[in-house]
Structure formats: structure tokens, C-alpha cells
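See structure below.
In this chain, residues are counted from 1 in sequence order. As the structure is a prediction and not an experimental result, all values here were calculated from the model.
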Amino acid sequence: MPDLLFRLPLPDADATARLGQRMAQLVRPGDVLLLEGQIGAGKTHFARSLIQTRLAALDRSEDIPSPTFTLVQVYDAAPEIWHADLYRLTHPDEAIELGLEEAFDTAICLIEWPDRLAELAPRKALTLRFELTDAGASRCVSFLGDADWAERLTDLRDA
């Protein structure tokens with residue numbers, strides 16, 4: 001189980017989008033972000049912002065749909081970005097069929113509903129646990145990871 005690194009309040013949707021923009025600057029090839037939280041907690045909003053920021057750095061703009069029905073959306077960036085919504089999976093082997101294991105090595109992977117991965121979840125992944133607060137009016141995100149992530153997220157934590 002990864003260590004709790006810190007918690008960050010997200011008072012509105014703009015704060016969630018800004019977090020995605022900041023994380024877009026920090027992630028690199030082989031990074032896996034496990035996005036946990038109930039429906040409506042901000043996982044897709046965060047992922048969409050991160051992807052849009054990475055694409056904008058390449059002077060590109062794309063519609064970023066939720067991968068709820070397609071399961072995986074892959075974006076041609078440097079490196080590739082894989083956005084997966086595993087809610088509908090019933091067994092971890094289905095994630096292998098999607099090609100996620102190979103993507104974990106070279107792409108930036110944003111995985112919603114990562115519990116569906118079970119033992120396939122990379123040990124070096126960063127978990128972002130989104131929670132509704134203030135009766136759903138705002139959010140909070142907990143960052144869980146290893147010492148490498150703790151060091152990489154120092155500026156974000158201290159901001």
C-alpha cells in the first residue's frame with residue numbers, strides 16, 4: 001500500500017483543472033496515475049485537463065471524451081497518453097487485452113477505476129484519491145505514492 005503523501009483541497013472545478021495542468025508538467029514516460037473516487041468526484045475532469053495541457057504544449061487541440069464506453073482513449077503525444085475508464089471491466093485479464101500492461105512502460109497512463117486492475121496495478125504508480133466534500137460542493141484529493149513521487153510532488157505540496 002502506498003504512503004499518503006498529502007491532501008489537497010479542490011474548492012471548485014477550476015481548481016481541479018489547474019491541478020491537471022500542473023500535473024501535466026510533472027508526468028513523464030512510464031508514469032501511471034491511478035484515479036480513484038466515486039462518480040462525480042472529478043477524475044475525468046482532472047484527466048481531461050492534464051491531456052489538454054500536454055496536447056496544447058504540442059500546439060494541438062482535441063476533444064477529450066470520457067473513455068467510459070470505449071474503455072481506452074489514446075492520444076498521440078510525446079509520449080503517448082492513455083486514458084482508461086475500467087469501470088465496466090469484470091476481470092483484470094481484460095486490462096491486458098486492452099494493451100495497458102505495455103502502455104505502463106512507455107506511455108503516460110491515466111486510469112479511472114484502477115481497482116479493476118487488481119495485482120496488475122504498477123507498484124510505482126501514483127494514486128490520486130478524489131473525494132466529495134462539503135456535501136458535494138467541493139472536492140479533496142489525496143496523493144498516495146512512494147518516495148520518488150514524494151520528491152517529485154514537493155513543489156505541488158508546498159504551493
Side-chain angles (χ1 to χ4, degrees), residues 5-6 8-89 94-117 120-130 138-146 148-159:
L5 305 177
F6 61 98
L8 184 69
L10 301 170
D12 54 33
D14 288 342
T16 303
R18 284 191 302 274
L19 175 60
Q21 292 163 358
R22 294 196 63 195
M23 288 299 295
Q25 309 305 316
L26 296 173
V27 291
R28 49 192 185 217
D31 282 347
V32 177
L33 304 184
L34 305 176
L35 310 179
E36 296 181 349
Q38 67 190 77
I39 292 172
K43 301 177 302 291
T44 301
H45 191 65
F46 165 83
R48 187 173 285 131
S49 177
L50 187 152
I51 294 164
Q52 288 171 332
T53 301
R54 296 285 299 199
L55 292 176
L58 299 170
D59 292 323
R60 297 203 353 254
S61 176
E62 283 185 42
D63 182 39
I64 311 295
S66 171
T68 301
F69 297 105
T70 59
L71 299 180
V72 176
Q73 293 287 132
V74 179
Y75 298 92
D76 184 21
E80 273 187 337
I81 302 169
W82 285 51
H83 182 198
D85 182 329
L86 306 182
Y87 184 76
R88 297 186 309 140
L89 296 190
E94 293 172 299
I96 295 171
E97 292 172 20
L98 294 172
L100 282 173
E101 265 191 324
E102 291 109 32
F104 290 159
D105 294 332
T106 59
I108 294 168
C109 295
L110 310 173
I111 310 294
E112 298 186 43
W113 303 99
D115 59 306
R116 307 307 200 265
L117 290 171
L120 295 176
R123 291 176 195 217
K124 292 286 195 178
L126 175 68
T127 299
L128 286 81
R129 186 170 295 147
F130 291 84
S138 59
R139 315 287 187 269
C140 181
V141 63
S142 299
F143 291 79
L144 299 99
D146 62 14
D148 178 54
W149 278 111
E151 184 177 324
R152 288 172 59 189
L153 297 173
T154 299
D155 290 342
L156 181 65
R157 182 194 66 222
D158 295 343

Tell me whether [X] contacts the main-chain N or O of [Y] through its side chain, where contact means a donor paired with an acceptor under 3.5 Å.
X      : Y     : answer
Arg22  : Leu50 : no
Arg60  : Leu55 : no
Ser138 : Pro11 : no
Arg54  : Ala24 : yes
His45  : Thr16 : no

Would you say that [X] contacts [Y] through its side chain, given a criterion of any heavy-atom pair below 4.5 Å between the two side chains?
X      : Y      : answer
Leu19  : Leu156 : yes
Leu110 : Leu34  : no
Ile39  : Trp113 : yes
Pro79  : Ile108 : yes
Glu112 : His83  : yes
Ile111 : Leu86  : yes

Minimum heavy-atom separation for [X] and [Y], please, with both atom names.
X      : Y      : value
Trp82  : Val72  : CE3-CG1, 3.6 Å
Glu36  : Arg129 : OE1-NE, 2.7 Å
Cys109 : Phe104 : SG-CD2, 3.8 Å
Met23  : Leu126 : CE-CD2, 3.8 Å
Pro67  : Ala84  : CG-C, 4.0 Å
Leu120 : Glu101 : CD2-OE2, 3.5 Å

Take Glu80 and Tyr75 through the side-chain contact (heavy atoms from CB on, under 4.5 Å) test and state the conclusion after the steps. CA-CA 6 Å; Glu80 273 187 337; Tyr75 298 92; over 6 Å; no
If you measure from [atom1] on [X] to [atom2] on [Y], what distance do you get to the nearest 0.5 Å?
X      : Y      : atom1 : atom2 : value
Thr53  : Arg48  : OG1   : CZ    : 12.5 Å
Leu100 : Leu71  : CG    : CG    : 9.5 Å
Arg157 : Phe143 : CZ    : CZ    : 11.5 Å
Ile81  : Gln73  : CD1   : CD    : 12.0 Å
Cys140 : Leu8   : SG    : CG    : 7.0 Å

Might you work through the side-chain contact (heavy atoms from CB on, under 4.5 Å) test for Leu26 and Leu153, ending with a clear yes or no? CA-CA 8 Å; Leu26 296 173; Leu153 297 173; 3.7 Å; yes
Of Ser66, Pro65, Ser49, the residue whose pairing with Thr44 passes side chain to side chain contact (heavy atoms under 4.5 Å, CB included):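 In the set Ser66, Pro65, Ser49, the residue that makes a side chain to side chain contact (heavy atoms under 4.5 Å, CB included) with Thr44 is Ser66.
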Evaluate side-chain contact (heavy atoms from CB on, under 4.5 Å) for Leu5 paired with Asp146, printing each intermediate quantity in order. CA-CA 8 Å; Leu5 305 177; Asp146 62 14; over 6 Å; no
Under the side chain to side chain donor-acceptor pair (under 3.5 Å) rule, what do Thr154 and Glu151 come out as? Steps first, then yes or no, please. CA-CA 5 Å; Thr154 299; Glu151 184 177 324; over 6 Å; no
Determine, for Asp31 against Arg152, whether the closest basic-nitrogen to carboxylate-oxygen distance falls under 4.0 angstrom.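 Salt bridge flag = yes for Arg152 with Asp31.
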Check this for me, if you would: do Lys124 and Asp148 make a salt bridge, where the nitrogen-to-carboxylate-oxygen distance has to be below 4.0 angstrom?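 So Lys124 does not pair with Asp148 through a salt bridge.
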May I ask you to decide if the ring planes of Phe46 and Phe130 are parallel, tilted or perpendicular, using 30° and 60° as cut-offs?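 Ring orientation, 0 to 90° scale: tilted.
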Would you find more than 12 non-hydrogen atoms of other residues, nucleotides or ligands less than 6.0 Å from Phe6 atom CZ?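 Check passes, neighbour count above 12.
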